[in-house]
Amino acid sequence: MSTLKIRALFLPGMQTRDLSAHIPYSAGRGVEEVARDLGLDPDGLVKLSSNENPFGPSPDAIEAVKAAADRIHTYPKAAHTDLTAAIADDWDVDPAQVWLTAGGDGLLDYFGRTFLTEDDRVLAPDPGFAYYPMSARYHGAAVDQYRIEKATGFEQTAQGVLDAYDDHRIVYVTTPHNPTGSEMPLPEIERLAEATGPETLVVVDEAYGHFTDQPAARPLLDEREDVAILRTFSKAYGLAGLRLGYGLVPTEWADAYERINTPFAVNLPACEAGLAALGDDDHVKKTVETAQWAREYIHENLAARTWESGGNFVLAEVGDASAVAASTQAEGVIIRDCSSFGLPECVRITCGTREGTKRAVETINEVIEE
Ligand SMILES: Cc1ncc(COP(=O)(O)O)c(C=O)c1O
């Protein structure tokens, strides 16, 4: 037993507040970690468990990080302003409507800071992205969930959310949805925003928005005060390690950012890399086209039931997901066991390169057909 644990047993001393309702985030395991456990070369592993970009970051972003290195003794004020302006330009919004944050996760926290008090409740999808309830609880709010049902092909409709809605302060919609890949069409999002109360914020999480042909929720910002959008640099731009995301919010309350922002929460290399990545259309195009190819390849060639996906991943029903994921991992292919999403019979396979995707499909097929 570690000295720390022995101390805790005999010297209970200082206690944290009650964190028993806070469930730790269960992330996909890293390549180095898995390689070490299995005694394998990390270069021989295919990691398709965290919906990362299989091509890595844009080469322009790598150069930007290198170039930023000799300026990291300064606070990132100018870089922050430049990136905000570039994003605003891309989306045709006012720069004040762009809330830069440390990852999309950081934006969820910022919405918590802005809207939630201890009297509030939020409504999150089940299955769904684990950080919605975590972040809401950090801000004192209670969490309810709405079901996205396998029986209906994980279809997402306004009515499906409204069935569980009861004046929640924030309603989270993920489209494309993690881990199922399903989407809520824009008219349904609009219907949902219309049907919920005036004090309910509908957060449209478009973390995987690059990978779908469905229109983004951006036009709703011109018409409504009760919709906000989450976007991230972690997926199509390949900058997950830098922790960079942003919100697009209506003008009516956009100035709240100055009041709730952690000063300089988005670091200088992240801002510079984000700016460079925004300008590298070729890298995004290659990433998106390959993901679209990989989705089709998985649907057509995997010996398991799969669902249509608008994201850079596909959900597949494989039986005992923990056992299948452990077996493919032993063969060097890391995929996501969806037990923690409440889908113990499913795995989520991130779209890889053509080579990586083919190897993953072959390996999973060998395991499930054994
Ligand atoms: C649905 C969804 N939203 C938001 C995020 C947050 O991403 P990040 O904090 O890396 O920007 C993720 C990450 O996987 C996600 O799957």
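Just the heavy atoms: all of them, side chains too, but no hydrogens, waters or symmetry mates, feed the values below. One-based numbering, in listed order, for ligands and for the atoms of each.
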(message) Within the 4.0 Å heavy-atom shell around Asp205, which atoms of ligand 1 are there?
(response) 1 (C), 2 (C), 3 (N), 4 (C)

(message) Under a 4.0 angstrom heavy-atom cut-off, which atoms of ligand 1 come close to Arg243?
(response) 8 (P), 9 (O), 10 (O)

(message) Tell me the contacting part of Phe233 for ligand 1: side chain, backbone, both, or neither, using a 4.0 Å heavy-atom threshold, strictly below.
(response) neither

(request) Enumerate the atoms of ligand 1 whose separation from the nearest heavy atom of Tyr208 is less than 4.0 angstrom. (result) 1 (C), 14 (O), 15 (C), 16 (O)

(request) May I ask you to check whether Phe129 and His177 place their ring centres under 6.0 Å from each other? (result) no

(message) Heavy-atom count check: over 12 atoms from other residues, nucleotides or ligands less than 6.0 Å from Tyr75 OH?
(response) no

(request) Would you mind listing which atoms of ligand 1 come within a distance below 4.0 Å of any non-hydrogen atom of Lys235? (result) 13 (C), 14 (O)

(request) Give the atoms of ligand 1, by number and element, whose distance to some non-hydrogen atom of Gly104 is under 4.0 Å. (result) 8 (P), 9 (O), 11 (O)

(request) Determine, for Glu33 against Arg36, whether the closest basic-nitrogen to carboxylate-oxygen distance falls under 4.0 angstrom. (result) no

(message) The test is side-chain contact (heavy atoms from CB on, under 4.5 Å); show your working for Glu199 and His168 and say whether it passes.
(response) CA-CA 8 Å; Glu199 295 303 316; His168 293 86; over 6 Å; no

(message) Which residue and atom name correspond to the protein heavy atom nearest atom 10 (O) of ligand 1, and how close is it?
(response) Ser234 OG, 2.7 Å

(request) Pick one of side chain, backbone, both or neither for how His177 approaches ligand 1, counting any non-hydrogen atom pair under 4.0 Å. (result) neither

(request) Run the salt-bridge test on Asp105 and Arg243 with the 4.0 Å N-O cut-off and return the result as yes or no. (result) yes

(message) Heavy-atom distances under 4.0 Å decide this one: backbone, side chain, both or neither, for Thr174 against ligand 1?
(response) side chain

(request) Using heavy-atom distances, let me know which of Leu244, Asp105, Asn51 sits nearest atom 7 (O) of ligand 1. (result) Asp105

(message) Looking at Glu272 and Arg71, is any side-chain nitrogen of the basic one under 4.0 Å from a carboxylate oxygen of the acidic one?
(response) yes

(request) Answer with yes or no after comparing the ring centroid distance for His210 and Tyr237 against a 6.0 Å cut-off, counting only values under it. (result) yes

(message) Suppose I only count heavy atoms of Gly103 and a 4.0 Å limit; which atoms of ligand 1 are within that range?
(response) 9 (O), 11 (O)

(message) Taking 4.0 angstrom as the limit and counting only heavy atoms of Thr232, give me the atoms of ligand 1 inside it, by number and element.
(response) 8 (P), 11 (O)

(message) Is it true that, when you exclude Glu355 itself, more than 12 heavy atoms of the residues, nucleotides or ligands shown sit nearer than 6.0 Å to its CD?
(response) no

(request) Within a distance under 4.0 Å of any heavy atom of Ala207, pick out the atoms of ligand 1 and give their elements. (result) 2 (C), 3 (N), 4 (C)

